[in-house]
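Hydrogens, waters and symmetry mates play no part in the numbers below; they use all other heavy atoms, side chains included. All ligand and atom numbering here is 1-based and tracks the order in the structure. Note that the numbering runs from 1 along the sequence shown for the chain.
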Amino acid sequence: MQGNVHHADASTFTTTTDKSQVYETAISSAVALFESQRFWATNLANTASLMWHAFDALGMHVNWAGFYVVQLRRWQKHSDADTEGDKELEGDKRGGKRTLMLGPFMGKVACQTINFGHGVCGTAAEAGRTIVVPDVEKFPGHIACDGSTKSEVVVPILDDAGAVRGVLDVDCLVLNGFDETDVQFLESLAGLIGRSCEWDL
Ligand code: SME
């Protein structure tokens, strides 16, 4: 990202069915962008763009690609998926309850907060492992931010110390929207993000 190269060019992918070509380009672009930037919001925003345009170039039917980030909160409105209203959470800010807050994304407006252990995102964050959901209707507790989503993959983002700092979430309009190559790409991106950002949340 130097000299005469426009940043927007990093989001230009040639339309193809060659996933390795598109994903290698996206990873290279992320590496180049993160070399000069460690602010989490900036890096997640550009990564959401890279994912969105990469999936579009591959003709995949991705309808949402983005992030939720972990925040420690004493007070919070209950998760969008809950109906119990506001409640006080145990602990102070330092020892407070962890909540996933909507971060940078591409796609339609989405649920703003998700509690750990709730939905695909909260389950992946709590377990600290990738969850691939071939059919969202078969995932108990799936949070339907968009009723047209059919499949989903969520990858936790870990910092250098191994703490979960957020999740990468991608939704698709077709069943079984993601294969092993897609998941490997997303896990590579999540790993790169975890190592490349300051998590001052
Ligand atoms: N479906 C997710 C909620 C986030 S949206 O997909 C953007 C879940 O069950 O956690």
Report task. Output yes when the distance from some N or O of ligand 1 to some N or O of Trp64 is under 3.5 Å, and no in every other case. Result -> no

Query - Within reach of ligand 1, part of Phe105 (heavy-atom separation under 4.0 Å) - result: neither

Report task. On the 0 to 90° scale, with breaks at 30° and 60°, tag the Trp199-Trp40 ring pair as parallel, tilted or perpendicular. Result -> parallel

Query raised in the report: Does atom CD of Gln21 have more than 12 heavy-atom neighbours from other groups under 6.0 Å away?
Result: yes

**Report entry** Ile114 and ligand 1 - part of the residue with a heavy-atom distance under 4.0 Å
**Finding:** side chain

Query - Close approach of Tyr68 to ligand 1, heavy atoms, under 4.0 angstrom - result: yes

Query raised in the report: Do Asp171 and Asp146 come close enough that some side-chain heavy atom pair is under 4.5 Å?
Result: no

Report summary line: The side-chain hydrogen bond (donor to acceptor under 3.5 Å, both in side chains) partner of His142 among Glu152, Glu137, His118 is Glu152

**Report entry** Test item: Leu100 and Val70 side chains (from C-beta on) under 4.5 Å apart, heavy atoms
**Finding:** yes

Query raised in the report: Hey, which atoms in ligand 1 end up nearer than 4.0 Å to a heavy atom of Asp169?
Result: 4 (C), 5 (S), 6 (O), 7 (C)

Requested in this report: Under 4.0 Å from a heavy atom of Cys145: give me the atoms of ligand 1 that qualify, with their elements.
Outcome: 3 (C), 4 (C), 5 (S), 7 (C)

Query raised in the report: Around atom CZ of Arg38, are there more than 12 heavy atoms of other residues, nucleotides or ligands at under 6.0 Å?
Result: yes

Query raised in the report: How close does the nearest protein non-hydrogen atom get to atom 2 (C) of ligand 1, and which residue and atom is it?
Result: Glu152 OE2, 3.1 Å

Query raised in the report: Does one side chain, of Asp18 or Ser20, offer a donor that lies under 3.5 Å from an acceptor on the other?
Result: yes

Requested in this report: Please indicate whether any nitrogen or oxygen in Gly141 is less than 3.5 Å from any nitrogen or oxygen in ligand 1.
Outcome: no

Requested in this report: Scan Ile131, Ile114, Val133 and name whichever one has a side chain to side chain contact (heavy atoms under 4.5 Å, CB included) with Thr123.
Outcome: Ile131

Requested in this report: Just jot down the ligand 1 atoms closer than 4.0 angstrom to any heavy atom of Gly119, in number order.
Outcome: 9 (O), 10 (O)

Report summary line: So the atoms of ligand 1 within less than 4.0 Å of a heavy atom of Asp171 turn out to be 5 (S), 6 (O), 7 (C)

Query - Ile143 contact mode with ligand 1 (heavy-atom cut-off under 4.0 Å) - result: both

Query raised in the report: Which residue supplies the protein heavy atom nearest to atom 8 (C) of ligand 1, what is that atom called, and how far is it?
Result: Val120 N, 3.3 Å

Query raised in the report: Is the shortest N/O to N/O distance between His142 and ligand 1 below 3.5 Å?
Result: yes

Query - Which segment of Thr123 sits under 4.0 Å of ligand 1 when only heavy atoms are counted - result: neither

Report task. Taking Tyr68 for its side chain and Cys111 for its backbone only, find out whether a donor-acceptor pair lies under 3.5 Å. Result -> yes

Query raised in the report: Do Leu186 and Val174 share a hydrophobic cluster, counting only Ile, Leu, Val, Met, Phe, Trp and Tyr and linking them when any side-chain heavy atoms are less than 4.5 Å apart?
Result: no

Query raised in the report: Quick check: does Cys121 get an N/O under 3.5 Å from an N/O on ligand 1?
Result: yes

